[in-house]
Novice: 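First the structure, which I've put down as structure tokens, then a few questions once you've had a look.
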Amino acid sequence: MKILSIETSCDETAIALLDINGPLERPNIKILGNSLFSQVAIHEQYGGVYPMLAKREHQKNLPVLLEKTLKEAQIDTQCPPIDFIAVTAGPGLEPALWTGITFAEELGERWKKPVVPVNHMEGHIFSVLYGLAKDNPLRLPALALLVSGGHTELVHIKDFDQYEIIGHTVDDAVGEAFDKVARMLGLPYPGGPKISALAEKSRFRIKDLGFKFPRPMIHSGNLNFSFSGLKTAVLYKLRAENRDDDEFKENMARAFEDAAIDVLVKKTQTAIESLEGKIHTLIVGGGVAANAYLNQKLNDFIKDFPEITLCLPERPLTTDNAVMIGIAAYVNITTNPTLLNNTNKIVANGNLKVSSR
Ligand code: KG4
Ligand code: ZN
């Protein structure tokens, strides 16, 4: 099945052409073409993503990326032999989502191909299907820890079309907290990778920092997260100490990362325990899944659960991309083939939630 997929939910414009076949547990995924343009340098000066600017950039980039992707796949650019087009319909920034949807629907009309809406978070979940070893199919039920700039969620995946959100952030997303703390430390957007690099330097230099930031909601008795108080604790500490030397910044980055990752791992562990042996796989998806310290801590704690396989996406598939949207579309179409007959206009939904179909 050949799928052209389009992603424009935030500040990455991305188009991929995939050839996917086989069982959902371990599909055979060939990336025939894949182009991505990151607007990070454009939004850097605003310290975050500016929606109307993102929309304008997507509009400019989409035709260029389409041509690049089809050329890379070496297929006819006038009437490509694809089965359908997949496009992110939410969650994300609505002006940005609409550019992808409008572009996809125009292509669908021109090429006489169906257009299928995809939930961006399902993209992050099923990004792990790419690169699975032959003897290592994805085993469900699974728990997904979704950690990105806009989301922090624990999702119980009972089947390929049966999901339940069992925990979520009540304020900032964890990636957002990384970005905000980075800004306080004078680091450019996106802050996650920069905080992580500073924190590593501090860990290498000293064993014990001698102080800790609070772990918000760690004992709340539910599976929800909160990162806004942690961000404020960092701000107060910065004001109180009034230092801006490298060593101090590295220690702050580390203390923040220790607290944020500790909460993510602890809540994931509580979720696994609350699901009482039903889980076979722990999936981690979204930009923060690239965090080295989170990876290390998850690898450590999962050793206590030998029946559970930890599944992380390949590094380029952690942050937003169109490959994951094509994969999620394949899952959607395989579980519900009637989606291909849908003739309703697709509507962007900035707050779209993962839900069972
Ligand atoms: O999934 P993503 O590309 O976009 C959203 O859907 O939000 O995630 C972007 C987020 C940003 O907040 C960025 O700072 C964070 O992922 N991020 C990281 C790392 N790499 C990206 N956070 C912590 N450590 C990293 N290595
Ligand atoms: Zn994302």
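Throughout, residue positions are numbered sequentially from 1 according to the sequence presented. First listed ligand is number 1; within each ligand, the first listed atom is number 1.
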Novice: Please could you name the atoms of ligand 1 that A290 approaches to less than 4.0 Å, counting only its heavy atoms?
Specialist: 26 (N)
Novice: By atom name, which N, O or S atom belonging to H124 lies closest to the Zn ion (ligand 2)?
Specialist: NE2
Novice: Mind checking whether Y163 and F126 have parallel, tilted or perpendicular rings, split at 30° and 60°?
Specialist: tilted
Novice: Could you pull out the closest heavy-atom pair between K353 and I165, with the gap in Å?
Specialist: CD-CD1, 4.0 Å
Novice: Any idea which atoms of ligand 1 are less than 4.0 Å away from a heavy-atom of G175?
Specialist: 12 (O)
Novice: Does ligand 1 have an atom under 4.0 Å from some heavy atom of H151?
Specialist: no
Novice: Take the Zn ion (ligand 2) as the vertex and measure to NE2 of H120 and OD1 of D320; round to 10°.
Specialist: 90°
Novice: In terms of ring plane angle, is the pair F301 and F305 parallel, tilted or perpendicular, where the classes change at 30° and 60°?
Specialist: perpendicular
Novice: Heavy atom to atom 11 (C) of ligand 1, shortest distance: which of I195, V288, D179, N291 holds it?
Specialist: D179
Novice: In this structure, does ligand 1 have an atom that sits under 4.0 Å from one of the heavy atoms of H120?
Specialist: yes
Novice: Within 45° of the six-membered ring axis of F211 and under 6.0 Å from that ring's centre, is NZ or CZ of K237 located there?
Specialist: yes
Novice: Can an N or O of G287 be found at a distance shorter than 3.5 Å from an N or O of ligand 1?
Specialist: yes
Novice: For H124, take its heavy atoms, then give the atoms of ligand 1 lying under 4.0 Å from any of them.
Specialist: 1 (O), 6 (O)
Novice: Using every non-hydrogen atom in the two residues, find where L317 and M324 come nearest and quote the distance to one decimal.
Specialist: O-SD, 4.5 Å
Novice: Between the candidates G286, A199, G192, which shows the shortest non-hydrogen contact distance to atom 22 (N) of ligand 1?
Specialist: G192
Novice: Determine, considering heavy atoms only, which of D320, N321, L146, D11 sits nearest to atom 2 (P) of ligand 1.
Specialist: D320
Novice: Test the R56-Y50 pair against the cation-pi criterion, namely NZ or CZ under 6.0 angstrom from the six-membered ring centroid and within 45° of the ring axis.
Specialist: no
